[in-house]
Amino acid sequence: MVTLRTRTIATRDGVRLRTASWDARTGVPDRGLCVILDGQTEYLEKYTEVVDELGARGFSGAILDWRGQGGSDRALTDPLKAHVRDFSEFDLDLAAFMDQVVVPMSARPAIALAHSMGAHILLRRLHDHPDTFRAAVMTAPMLRPSTRNHPAWLVRMVCRAYSFCGAGNAWVWGMQKRDPLKIAFEDNLVTSDRGRFARAQAQLAAQADLRLAGPTWGWLEAAYASMAQMTEPGYAQAIAVPCLIFGAGRDRIVETGAIRDFAKRLPRGEYVEFADAEHEILMENDSIRARFWAAFDDFVTRTA
């Protein structure tokens with residue numbers, strides 16, 4: 001097993017972030033660095049299996065807890081709420097992480113493996129700083145949220161109203177009931193794998209302060225603003241880094257159609273869709289994960 005070494009860094013605006021790094025498994029040819037950028041509500045321990053699989057492939061690397069989640073500073077007094085004022089704050093997180101953790105590990109640019117919100121933040125970075133990574137792999141990037149039985153226009157209108165009225169710190173409808181320690185496997189929205197779901201719950205039971213239930217209206221308003229930027233003409237076309245993007249056919253968190261359309265506009269983009277996958281492809285069953293790693297290995301061999 002690969003060992004994670006944790007450390008705390010500070011962003012330019014004074015937020016403390018928990019990060020971790022690892023070395024490739026001994027006896028394996030060195031393939032450089034791989035940076036993991038996880039999704040909303042996630043934490044670095046959730047990716048120990050993925051880290052071990054990367055280490056076995058010869059990748060050293062690093063991972064972080066974004067502000068507001070995991071072991072990093074929280075924005076609100078209620079630690080179960082995910083909140084941010086603007087997604088540019090996540091840009092500060094990634095900048096500090098790259099400068100203080102990733103770049104000192106190697107002079108060669110890393111590849112990125114990012115999920116959902118982490119993939120969204122990665123796309124912002126690839127657009128604004130194209131030399132940061134030599135290649136990028138993304139699972140279910142957050143480009144348009146699923147509103148799950150609510151009209152999209154209504155959710156957008158309510159989100160704007162809450163933010164305009166100064167109630168951005170309030171829960172998005174229903175999120176206060178999504179404490180991950182109280183959700184049964186049958187009610188989860190992200191994986192079909194019972195074992196990996198149970199493992200994540202056990203991790204949070206052992207370290208309950210790592211958990212998040214869900215976002216505030218303020219977080220969602222910030223997300224909508226950032227997603228609007230990505231739908232502007234020319235945005236995707238300006239991302240020149242080789243990208244492999246995975247969509248989940250059974251995704252109930254983000255809209256897979258938006259991901260598919262965005263990937264088509266990337267100059268060096270490739271798209272793979274798993275019809276049987278839920279949102280968290282890297283936490284899915286062995287069959288889906290085997291297909292993911294086969295595509296990952298082929299892409300990295302060809303492009304990175």
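Taking 4.5 Å as the limit, some side-chain heavy atom of Met230 sits within range of a side-chain heavy atom of Leu123. For the pair Leu220/Tyr162, no side-chain contact is recorded, criterion being any heavy-atom separation below 4.5 Å from C-beta on. With contacts defined as side-chain heavy-atom distances shorter than 4.5 Å, the pair Phe87/His120 qualifies. The shortest side-chain heavy-atom distance between Ser72 and Val15 does not fall under the 4.5 Å cut-off. Contact of the Arg16 side chain with the Arg67 side chain is not registered, since no non-hydrogen atoms from C-beta on lie closer than 4.5 Å. Within the 4.5 Å cutoff, side-chain heavy atoms of Phe97 are placed close to those of Val35. Within the 4.5 Å cutoff, the side chain of Pro215 has heavy atoms near those of the Met175 side chain. Counting heavy atoms from C-beta outward, Leu210 and Glu45 have side chains that approach closer than 4.5 Å.
The aromatic rings of Tyr235 and Phe262 lie tilted to each other, with the angle between the two planes from 30° to 60°. Ring geometry for His115 versus His279: interplanar angle of 30 to 60°, hence tilted. Between Phe292 and Phe246, the two ring planes are tilted [angle within 30° to 60°].
The minimum heavy-atom distance between Gly55 and Val2, with the atom names listed, is CA-CG2, 3.9 Å. Between Phe59 and Val300, the shortest heavy-atom distance links the atoms CZ-CG1, 3.8 Å. Considering every non-hydrogen atom in both Leu4 and Ala20, the closest pair reads CD2-CB, 4.0 Å. Here the closest non-hydrogen pair linking Glu273 and Gly249 is OE2-CA, 4.1 Å. Heavy atoms only, all atoms of each residue included: Ala248 and Ala277 are closest at CB-O, 3.3 Å. Listed here is the closest heavy atom pair of Arg265 and Asp261: NH1-O, 3.4 Å.
Atom CH2 in Trp217 sits 6.0 Å away from atom SG in Cys159 (nearest 0.5 Å). Expressed to the nearest 0.5 Å, how far OG1 of Thr41 lies from CZ of Arg211 amounts to 12.0 Å. For the atom pair CZ of Arg125 and CD1 of Ile239, the computed distance is 13.0 Å after rounding to the nearest 0.5 Å. The distance from atom OG1 of Thr303 to atom CD1 of Ile111, rounded to the nearest 0.5 Å, is 8.0 Å. Atom-to-atom distance recorded for Asp251:CG and Ile281:CD1 is 7.5 Å, nearest 0.5 angstrom. With rounding to the nearest 0.5 Å, the separation of OG in Ser226 from CD1 in Ile121 is 8.5 Å.
Side chains of Asp13 and Thr11: a donor on one and an acceptor on the other come within 3.5 Å. Side-chain polar atoms of Asn285 and Ser192 form a donor-acceptor pair below 3.5 angstrom. In summary, the side chains of Tyr43 and Gln207 do not present any donor paired with an acceptor at a separation below 3.5 Å, with no hydrogens or angles considered. Side chains of Thr6 and Arg18: a donor-acceptor N/O pair is absent below 3.5 angstrom, by distance only. Residues Gln40 and Ser116 bring no donor and acceptor atom of their side chains to less than 3.5 Å of each other. In this model, a donor atom of one side chain and an acceptor atom of the other lie less than 3.5 Å apart for Tyr47 and Glu42.
Under a cutoff of 6.0 Å and an axis angle of 45°, Arg156 and Tyr224 form a cation-pi pair. Relative to the six-membered ring of Trp219, Arg85 misses at least one condition, a distance below 6.0 Å or an angle of at most 45° to the axis. Annotation: cation-pi pair Arg291/Phe274 present, NZ/CZ under 6.0 Å from the ring centroid and within 45° of its normal.
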Steps toward side chain to side chain contact (heavy atoms under 4.5 Å, CB included) verdict (Leu33, Ser106): CA-CA 7 Å; Leu33 294 182; Ser106 174; 3.6 Å; yes

Trace of the salt bridge (Lys or Arg N to Asp or Glu O under 4.0 Å) decision for Arg250 with Asp276: CA-CA 6 Å; Arg250 298 174 59 193; Asp276 53 341; over 6 Å; no

Stepwise salt bridge (Lys or Arg N to Asp or Glu O under 4.0 Å) test for Asp298 and Arg302: CA-CA 6 Å; Asp298 175 68; Arg302 289 186 290 106; 2.9 Å; yes

Worked verdict on Val254 versus Arg144 for side chain to side chain contact (heavy atoms under 4.5 Å, CB included): CA-CA 6 Å; Val254 298; Arg144 187 166 66 226; over 6 Å; no

Verdict with reasoning, Trp66 to Leu94, per side chain to side chain contact (heavy atoms under 4.5 Å, CB included): CA-CA 8 Å; Trp66 301 106; Leu94 185 51; 4.2 Å; yes

Step-by-step side chain to side chain contact (heavy atoms under 4.5 Å, CB included) determination, Trp22 to Thr3: CA-CA 6 Å; Trp22 73 87; Thr3 301; over 6 Å; no

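A salt bridge does not link Glu280 with Arg196: every distance from a Lys NZ or Arg NE/NH1/NH2 to an Asp or Glu carboxylate oxygen is 4.0 Å or more. Between Asp91 and Arg124, at least one side-chain nitrogen of the basic residue sits less than 4.0 Å from a carboxylate oxygen of the acidic one, meeting the salt-bridge criterion. Ion pairing of Lys46 with Asp38 is absent here, as no side-chain N (NZ or NE/NH1/NH2) approaches a carboxylate O to less than 4.0 Å. Classification of Glu186 and Arg194 as a salt-bridged pair holds, one side-chain N sitting under 4.0 Å from a carboxylate O.
Residue Arg5 places its CZ atom among more than 12 non-hydrogen atoms of other residues, nucleotides or ligands, all under 6.0 Å distant.
Of the residues listed (Leu44, Leu54, Leu282, Leu64), the one engaging Ile36 in a side-chain contact (heavy atoms from CB on, under 4.5 Å) is Leu54, and it is the only one.
Cluster annotation: Met117 and Leu126 are assigned to the same hydrophobic cluster (Ile/Leu/Val/Met/Phe/Trp/Tyr, side-chain heavy-atom contacts under 4.5 Å, transitive). Leu76 and Val172 are assigned to two separate hydrophobic clusters, defined by single-linkage of ILVMFWY side chains at heavy-atom distances under 4.5 Å. The hydrophobic clustering, which links ILVMFWY residues whose side-chain heavy atoms are closer than 4.5 Å, places Leu113 and Leu37 apart. One hydrophobic cluster, built from ILVMFWY side chains closer than 4.5 Å, cannot hold both Val137 and Tyr271; they sit in different ones. Ile253 and Met227 fall within a single hydrophobic cluster, where Ile, Leu, Val, Met, Phe, Trp and Tyr are joined by side-chain heavy atoms under 4.5 Å apart, directly or via other members.
Here the side chain of Lys81 pairs a donor or acceptor atom with the backbone of Asn169 at under 3.5 angstrom. With hydrogens and angles disregarded, a donor-acceptor distance shorter than 3.5 Å links the side chain of Thr216 to the backbone of Gly168. Under the 3.5 Å distance criterion, the side-chain polar atoms of Arg289 are left unmatched by any main-chain donor or acceptor of Met283. Side chain of Gln237 to backbone of Leu266: no donor-acceptor contact under 3.5 angstrom is found. A distance-only check finds no donor-acceptor pair linking the side chain of Asp99 to the backbone of Ala96 [under 3.5 Å]. Judged by distance alone, with hydrogens and angles left aside, the side-chain atoms of Gln176 form no donor-acceptor pair with the main-chain N or O of Leu80 at under 3.5 Å.
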